[in-house]
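We name chains A, B, ... by the order of the sequence lines, and we start the count at 1 in each one. Values below: every heavy atom of this structure, side chains too, minus hydrogens, waters and symmetry copies.
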There are 2 protein chains.
Amino acid sequence: MAEHTDDVGAELRRAVTRLASRFRSERLEGEVPDAALQVLVVLEKRGGMSLTELAASAHVTLGSMSQTVRRLEALGHLTKSRDDVDRRRVVFQLTAQGSSAADASLRHRRDWLNARLAELTEDELADIARAAPLLLRLGDS
Amino acid sequence: MAEHTDDVGAELRRAVTRLASRFRSERLEGEVPDAALQVLVVLEKRGGMSLTELAASAHVTLGSMSQTVRRLEALGHLTKSRDDVDRRRVVFQLTAQGSSAADASLRHRRDWLNARLAELTEDELADIARAAPLLLRLGDS
DNA sequence: AGCATTTACTTAGTGTTACTAAGCAAATCG
DNA sequence: CGATTTGCTTAGTAACACTAAGTAAATGCT
């Protein structure tokens, strides 16, 4: 069993690292990078969010997230405002431009991945469908 | 089916991105980063390699790999020499220090991942074992 | 009310890594 | 022999992650 877990673990690490890198290399000219896109996506889903909330959702430090949103703001993809109730707090919100940039990027990424997944058999696809939530659990551990 | 692939794709992307980031955050003080470690690992497995070979195996440009190996050389983890047959070619080889650094790092990473995997059920582990090679295939597509 | 402490955020420095462009050296080809 | 190709290096750039240091605002305690 320990031997078996070893092999699975090594292969899993290799596969995940490689696939994550592959996702990144599919980025088109003009598209925002992954971390920035994830910010846009989560803002689209949840509306206005504070820096602390964004950093927590991305599992990065406040400093890192501050830099990311600064770049997105400079691109006009989001706005930043002070919370009226607690002036320490800033609230970031998606702009229309940011929303459409995110949608375009997501569509392109989805199409690429779906085309890859469509090359798999039904059984293979089912294997991946079963494994994905498990991988996410590992990632959140 | 298209709807189903969509959901699987989105979840897969999220899981892979998150898990890859999680792997990175498990790096200990003094350990080389992922890309550098992969160079050490592949040199350990295959002996001396040229810059072009290393870059190809990592799916990055020559420029990127040149920088990575430069840092590793500075750390004393590998040596660089000119090929006697073709003076354009450089050959990189692992040092004893690099080998032991890689082994220590791999052991730590393996232990962490194995501990995570050990928390899964037999069925879950089997699902991941079946999915890993598929993910690798996607990553190499 | 005033001060100490905590919370929320910003910024600069640093390291890593990926890409590109420009350039040098060596080998090959016609 | 010169043109072309191959192998590599380096600098510039962007992104992003961490840390440390600092400011501002809110909270809690006396």
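Partners of Arg14(A) by side chain to side chain donor-acceptor pair (under 3.5 Å), not counting sequence neighbours: none found. Listed by chain and number, the residues in a side chain to side chain donor-acceptor pair (under 3.5 Å) with Thr52(B) amount to none (sequence neighbours excluded). Partners of Ser64(A) according to the side-chain contact (heavy atoms from CB on, under 4.5 Å) rule, which considers only residues two or more places apart in sequence or in another chain, are Val60(A), Thr61(A). A search for side-chain contact (heavy atoms from CB on, under 4.5 Å) contacts involving Glu53(B) returns Met49(B), Ser50(B), Arg89(B), not counting sequence neighbours. The side chain to side chain donor-acceptor pair (under 3.5 Å) test applied to Arg137(A) returns Glu124(B), not counting sequence neighbours. Take Leu37(B) and apply the side-chain contact (heavy atoms from CB on, under 4.5 Å) test, not counting sequence neighbours, and it matches Val32(B), Val41(B), Ala102(B), Ser105(B), Leu106(B), Arg109(B). Residues satisfying the side chain to side chain donor-acceptor pair (under 3.5 Å) criterion with Asp111(B), sequence neighbours excluded, are absent altogether.
At whole-Å resolution of the value, CE in Met65(A) and P in dT19(D) are 15 Å apart.
Extent of DNA chain C lying under 4.0 Å from chain B heavy atoms, first and last nucleotide in 5' to 3' order, is dT16(C) to dA27(C).
Comment: Asp140(A) engages Arg18(B) in a salt bridge, judged by a side-chain N to carboxylate O separation of less than 4.0 angstrom. Ion pair Arg116(A)/Glu119(A) flagged as a salt bridge, since at least one NZ, NE, NH1 or NH2 atom sits closer than 4.0 Å to an Asp/Glu carboxylate oxygen.
The closest side-chain heavy-atom distance from Leu138(B) to Leu12(B) is below 4.5 Å.
Judged by distance alone, with hydrogens and angles left aside, the side-chain atoms of Gln97(B) form a donor-acceptor pair with the main-chain N or O of Leu75(B) at under 3.5 Å. A side-chain donor-acceptor contact under 3.5 Å links Thr17(B) to the backbone of Arg13(B).
Counting non-hydrogen atoms under 4.0 angstrom, Val39(A) reaches nothing in the nucleic acid.
Residues from residues 95-105 of chain A with heavy atoms under 4.0 angstrom of DNA chain C: there are none. Only at 4.0 angstrom or more do the heavy atoms of residues 71-79 of chain B sit from any atom of DNA chain D, so none qualifies. Looking at residues 14-38 of chain A, you'll see Pro33(A), Ala35(A), Ala36(A) sit with a heavy atom under 4.0 Å from some atom of DNA chain D.
Side-chain contact, Gln93(B) with Thr79(B): no donor N or O sits under 3.5 Å from an acceptor N or O.
In the hydrophobic clustering of ILVMFWY residues, with side-chain heavy atoms under 4.5 Å counting as a link, Leu94(B) and Met65(B) come out together.
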inquiry  = So if I define the base as every atom that isn't primed, P, OP1 or OP2, how would nucleotides 4-10 of chain D read as a B/S/- string at a heavy-atom cutoff under 4.0 Å?
reply    = --BSBBB
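Contact between Glu31(A) and Ala104(A) at its shortest, heavy atoms only, is OE2-O, 4.5 Å.
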